[in-house]
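Lettering follows sequence order; numbering is per chain, from 1.
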There are 2 protein chains.
Amino acid sequence: MSTPLNAEMFDDPDCSDRAQPFRVGDKWTGMVLRCLEGGPRRFSELRVPLHWVTPKVLTETLRSMERNGFLTRTVHDENPPRVEYELTALGRSLLEPLDTACDWARTHLPEIVEARTAYEAG
Amino acid sequence: MSTPLNAEMFDDPDCSDRAQPFRVGDKWTGMVLRCLEGGPRRFSELRVPLHWVTPKVLTETLRSMERNGFLTRTVHDENPPRVEYELTALGRSLLEPLDTACDWARTHLPEIVEARTAYEAG
DNA sequence: CAGTATCCTAGGAGATACTG
DNA sequence: CAGTATCTCCTAGGATACTG
């Protein structure tokens, strides 16, 4: 809930792009989902593990997820401003298929790497 | 195995793009997987349900899947040429998480549509 | 039949800078 | 803090035409 997110949680080079044959929605939705499964987070908190996403793109991702009903955006009327993003029941339900996909990727990644090497070899 | 693929199997407008928040690899991999789960298929057979994919893109998709070890491409030395695409064990194993994702989408699509309407309204 | 070969475009994504 | 505002770029994807 209040433990800070790990800055390196998505830095693993094995996670890169094509190695992960699954995607949820756009490029970042899956990672945002993961970031929010422990409870509500602020914009700046999300930017820590997602440090290679520009604020513009992160905003777009969050808006899209909000529009799909995956999360809620709550503006607390304070100064400095505080905005919290929290998964809805629908968004939370997405975690299940996401886990299935991630488990698959983790299990079969070596086979994919091997297949590519074989393919490249000719 | 030999029953022809349904030409409309992907024509459902509800399947369009963003409504389906999951993707496997690129845009067409998931559909090719579905096409091949019943057994090997020829290029022209695949083009039937995938009739809005150009041959160039379908070729790219198939090559990519072959490279990842999801399917094999077998050229039978005949005239006219016959080429068959068939899932490997790895490709077949992908069907499980794919099903999970599709089940989720089917179940929750109404909620997403509803959320969007609500978002647009206000 | 099973593809290539070319050319072209839309839009997802990034870099950079600024603001209530 | 939590975003906007611009500008730019790349490439997945498509249209069209041709071939061993």
query: With sequence neighbours left out, which residue pairs that include part of residues 89-101 of chain A fulfil the salt bridge (Lys or Arg N to Asp or Glu O under 4.0 Å) condition?
result: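 Non-adjacent pairs meeting salt bridge (Lys or Arg N to Asp or Glu O under 4.0 Å): A:Arg34-A:Asp99.
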Backbone N/O of A:Glu111 and side chain of A:Glu114: donor-acceptor pair under 3.5 Å: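 Judged by distance alone, no pair lies under 3.5 Å.
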- request: Verify, without hydrogens or angle tests, whether A:Ser64 (side chain) and A:Glu60 (backbone) share a donor-acceptor contact under 3.5 angstrom.
  value: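 Checked: no pair found.
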Phosphate OP1/OP2 of [N] contacted by [X] side-chain N/O (<4.0 Å):
{"X": "B:Arg47", "N": "C:dA2", "value": "no"}
{"X": "A:Thr54", "N": "C:dA15", "value": "no"}
{"X": "A:Arg42", "N": "D:dC1", "value": "no"}
{"X": "A:Tyr85", "N": "D:dC1", "value": "no"}
{"X": "B:Trp52", "N": "D:dA15", "value": "no"}

- request: Among A:Val32, A:Val57, A:Thr61, find the one that has a side chain to side chain contact (heavy atoms under 4.5 Å, CB included) with A:Leu50.
  value: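 In the set A:Val32, A:Val57, A:Thr61, the residue that makes a side chain to side chain contact (heavy atoms under 4.5 Å, CB included) with A:Leu50 is A:Val32.
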Whole angstrom value for the distance that separates [atom2] of [N] from [atom1] of [X]:
{"X": "B:His51", "N": "D:dA15", "atom1": "NE2", "atom2": "C1'", "answer": "17 Å"}
{"X": "A:Glu84", "N": "D:dG3", "atom1": "CD", "atom2": "C1'", "answer": "16 Å"}
{"X": "A:Glu60", "N": "D:dA2", "atom1": "CD", "atom2": "P", "answer": "18 Å"}
{"X": "B:Asp26", "N": "C:dG11", "atom1": "CG", "atom2": "C1'", "answer": "17 Å"}
{"X": "A:Leu46", "N": "D:dA2", "atom1": "CG", "atom2": "P", "answer": "9 Å"}
{"X": "A:Asp77", "N": "D:dC1", "atom1": "CG", "atom2": "P", "answer": "18 Å"}
{"X": "A:Trp28", "N": "C:dG14", "atom1": "CH2", "atom2": "P", "answer": "5 Å"}
{"X": "B:Leu62", "N": "C:dA2", "atom1": "CG", "atom2": "P", "answer": "11 Å"}

field: Geometric class of the A:Trp104/B:Phe70 ring pair [parallel <30°, tilted 30-60°, perpendicular >60°]
entry: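 B:Phe70 vs A:Trp104 ring planes: perpendicular.
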field: Rounded distance [0.5 Å steps], CG in B:Leu46 versus OH in B:Tyr85
entry: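 It is 8.0 Å, given to the nearest 0.5 Å.
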Do the charged groups of [X] and [Y] touch, with an N to O distance under 4.0 Å?
{"X": "A:Glu86", "Y": "A:Arg41", "answer": "no"}
{"X": "A:Glu84", "Y": "A:Arg73", "answer": "no"}
{"X": "B:Arg47", "Y": "B:Glu45", "answer": "no"}

message: If you assign each of B:Pro81 and A:Val83 to its closest nucleotide in DNA chain D, which residue comes earlier from the 5' end?
response: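 First, find each residue's nearest nucleotide; the 5'-ward one identifies A:Val83.
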- request: Toss me the dot-bracket line for DNA chain C: Watson-Crick and G-U wobble, both under 3.5 Å, 5' to 3', using | for pairs to another strand and [ ] for crossers.
  value: ||||||||||||||||||||
Provide a list of protein-nucleic acid N or O atom pairs under 3.5 angstrom, restricted to nucleotides 4-9 of chain C.
| from | atom 1 | to | atom 2 | distance (Å) |
| --- | --- | --- | --- | --- |
| C:dT4 | OP1 | B:Arg63 | NH2 | 2.5 |

